[in-house]
Amino acid sequence: MDSAYIVACCLIALAGVGIAAVFSIIPGLHIYNVIAFTMLIAFAFIDIFKSLDPMFTTCFIMGMVVGFSVLFTVSSQFFQPCDESFRSVMLPHERFLFEGRGYEAIMLGGVGSMVALLFIAGLFPFLTYPIGLLRELLRPHIYWILGLVIAFVLISEWPKDHGVGQTVWQRMADGWGQMGMGLFTFIAASILGIFIFCNTIIPVQSAFQSLMPVFIGLFALSSQIMTVITKATIPPQHIAPSLEMASHDVARGSMTGLVAGMFSCLTPGLTPGPALLMSAHATASSGEKQFIIGGGAARVLYYIGALVLFFMPDVYMRRGGAAINISLFFVPETVEQYYLISGVIALTGAVSLLMLPVYARLCAGITRRVDFRWISGGSVVLLTVMVAAITGWRGVVLMLVATALGLVPNVWHTRRIPLLAVLMVPVSLNMAGVGDKVAAWLGFR
Amino acid sequence: MTETDHSICPSCGKPNPADAKICRFCTAGMKKRVSVVAFFGVGIFLLLIVAIAHFSAAIRYRPNYIAIHHLTAARNFDRVRVLGRVENVSVTRGPYGSKKVRIGLAAANASDRSPEHRISVRLEGEPALEFLAKENAIARGDLIEVAASLYAGENYRHLSVGGAQFIQLKEKGTEEASRPETPRADDSNRVSVRELLEQPGAYSNRVVFVPKALVLNVSTSWPSFQIADPGETNRSLIVFGYEPNNLRPGLMVSIRGRFEFYAKKGYWEITTRRGDRRAVWVHKEKTSE
């Protein structure tokens, strides 16, 4: 592999970081949606696309994924406040925002991201054998591991905001009502997931994005709608020159995040959210700072680590939307390619981390000048247009159904984690070999 | 509060008493803190070092090629990288019309032409289609690098190229290397198809050389073709074992192989030795279509 080729790959990857930085400012937009849109454009100009070296396109996508996984937290930190009614389910970074510490929360998440990037770029090359072995060991057991995660999600649903009713019956109704809606969300998301896994209604040309409308509806659009109607106000954000964190916060938070990240990137159907919830118990992490650092590490390891497994010699595991999109035009072959990809990750990771404080200052500044509701409103329009363009009107219908379901936790103030049943339940059932039977029982086959 | 009797919380930016250890607004610690610039500076520096190390490894990496004669049953199922020179390339069709590619590979620098220095490389399905779609096709005499899985047992040995494996052209072969070898002049057991069929017992299980035969039929699914003496097409023989991708009916060929009785179907045939480059040689002149 010659140096000019490597330089070209690096420049293209840095262009990918630039594109990710532009799109990361839109709250609710996922980089996989941007990649899907990129692929659609590529397929429209297939002659030009085919003339490109597949490694260049791969590095471009890699740059986008790295840039996005580090930077996208900035917009979700500053532009998605929840109002007072969400106190009981408020996450630490939301509390930081209301204390004027949004910038500090972003940088704490950046600490986790940095540790995960060092882990991926620095240690993964030495872990190819254990990771391959772990993957082979886990492969036959994924269905029941996912089953345990599902069980954990269900049993950790608890009544919140109860005890404010006047009578015993009112208090019991409040408690059970909220918990019941959590379980309802789980069951409805499971049924929706089983439906889209066996009966996708998306046109065949967009079949590679069959899950996209559902994910946008469940997670992006519903939260953006809630942001548009929220009564919350964002206080001025302070640009902290230093972070309040002890070495044990970094160590424990990072360990929690790395365990969650590895767990989610080796387990199909599992996302960093529930994985972080479980690993936080496993590593006995505590406190908001550790949670935020762990979140940053888990997210980066999930997005980038899962993609690296696609290039890792003797593993070649296709996991996550980015790997699936890359596999449409590129098959990783050599060890040199793996070194190149690892180098590109380290370089783009360093550049993304360099951009993080500047980006956070920019977004903090935007919150002073522009009402965040307008940004979320724009995001709703953009996401709808994107779904319509990629998946047609059928995709929009699917997205609307998913949005309605995604609004349930927001309206009833329950956790959003049961919504992930849309992925976990069908994957678990299919891996257990009963997916078809359950789908037939539900009348989907 | 004046400048001197208060301190600003580094986390939320609100004023606190000068001796405050914890911010009274956000409860953040105000004393033991880590500089953003210093902490991220170290991390970014480390990432850049790692990036340089990886790029350097990508440039300097030299694959560990395994010599063909070391591809034994002990390495069965291993992913291996082999450097070798192409002896022949053949394309056949499977029972469902799918194309299969077979490449005869010999050790790059070995003067020894024994079977242990040769191996067959197989491509089927998607890798075969990808190989055939490449414009700069690999031909006889080319030096190629193969990353493939080894399948080796007691009586078999081949490389199979699957997903995430590849064949790369390292050096185009010279014109001389790409020319097929002609049979040796001192070939013994020269015989015609007619002589073979009239006295099969006399040649049974012996290596024979048919200097001139006409190709009648070429199989699309098996490595076999049918030959006859020129002008005597009513007596024909099957030649088995040679991928007939460069043959078509009407060509004149020379054949070297073992004359054997195929008991299962009950006929005599010439079986060519696998990887024998001199097994079939196509004459330049074309007699009839």
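Keep in mind the model is a prediction, meaning the values are calculated, not measured. So that the names make sense, note that chain A is the first sequence line, chain B the second, and so on, each numbered from 1.
- Judged purely by atom type and a 3.5 angstrom limit, His54(B) uses its side chain to pair as donor or acceptor with the backbone of Ala121(A).
- Around the CZ atom of Phe126(A), the shell of radius 6.0 Å holds no more than 12 heavy atoms that belong to other residues, nucleotides or ligands.
- Within the model, atoms CE of Met245(A) and CZ of Arg33(B) stand 10.0 Å from one another, a figure rounded to the nearest 0.5 Å.
- Residues Val36(B) and Met107(A) approach most closely at CG1-CE, 3.7 Å, considering heavy atoms.
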Derivation and outcome, side chain to side chain contact (heavy atoms under 4.5 Å, CB included), residues Leu48(B) and Leu347(A): CA-CA 6 Å; Leu48(B) 290 175; Leu347(A) 178 71; 3.9 Å; yes

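- Only the side chain of Pro125(A) has a heavy atom closer than 4.5 Å to any heavy atom of chain B.
- Contact annotation for Val111(A): both backbone and side-chain heavy atoms come within less than 4.5 Å of a heavy atom of chain B.
- Between Arg101(A) and the options Pro10(B), Ser11(B), Cys9(B), Cys23(B), a side-chain contact (heavy atoms from CB on, under 4.5 Å) holds for only Ser11(B).
- Listed options Ala246(A), Pro241(A), Pro313(A), Gly100(A) were ranked by heavy-atom pairs under 4.5 angstrom with chain B; first place goes to Pro241(A).
- The part of Arg81(B) that comes within reach of chain A is its side chain, from C-beta onward, which places non-hydrogen atoms under 4.5 angstrom from that chain.
- Expressed to the nearest 0.5 Å, how far CZ of Arg60(B) lies from CD of Glu336(A) amounts to 14.5 Å.
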Give the intermediate values and the outcome of side chain to side chain contact (heavy atoms under 4.5 Å, CB included) for residues Leu243(A) and Phe39(B). CA-CA 9 Å; Leu243(A) 305 175; Phe39(B) 194 85; 5.7 Å; no

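- Taken to the nearest 0.5 Å, the CZ atom of Phe25(B) stands 13.0 Å off from the NE2 atom of His238(A).
- Ranking Gly43(B), Cys26(B), Gly13(B) against chain A, the residue ahead of the rest is Cys26(B), based on heavy-atom pairs under 4.5 Å.
- Looking at heavy atoms from C-beta onward, Phe55(B) lies in side-chain contact with Val344(A) at the 4.5 angstrom threshold.
- Only the side chain of Cys10(A) comes within contact range of chain B, judged by heavy atoms closer than 4.5 Å.
- Once rounded to the nearest 0.5 Å, the distance linking CG of Leu46(B) with CG of Leu117(A) reads 12.0 Å.
- Within a 6.0 Å sphere centred on OH of Tyr339(A), other residues, nucleotides and ligands contribute 12 heavy atoms or fewer.
- For chain A, no part of Lys31(B) is nearby; none of its heavy atoms comes within less than 4.5 Å.
- Taking Gly122(A), Pro235(A), Gly110(A), Gly102(A) one by one and counting their heavy-atom pairs under 4.5 Å with chain B, the maximum is reached by Gly110(A).
- With a threshold of 4.5 angstrom between heavy atoms, Leu353(A) approaches chain B through its backbone and through its side chain.
- For chain B, no part of Val115(A) is nearby; none of its heavy atoms comes within less than 4.5 Å.
- Of all heavy-atom pairs spanning Val50(B) and Ala346(A), the tightest one is CG1-CB, 4.1 Å.
- When the shell of 6.0 Å around CE of Met30(B) is examined, it contains more than 12 heavy atoms from other residues, nucleotides or ligands.
- Residues Ala51(B) and Gly343(A) approach most closely at CB-O, 3.6 Å, considering heavy atoms.
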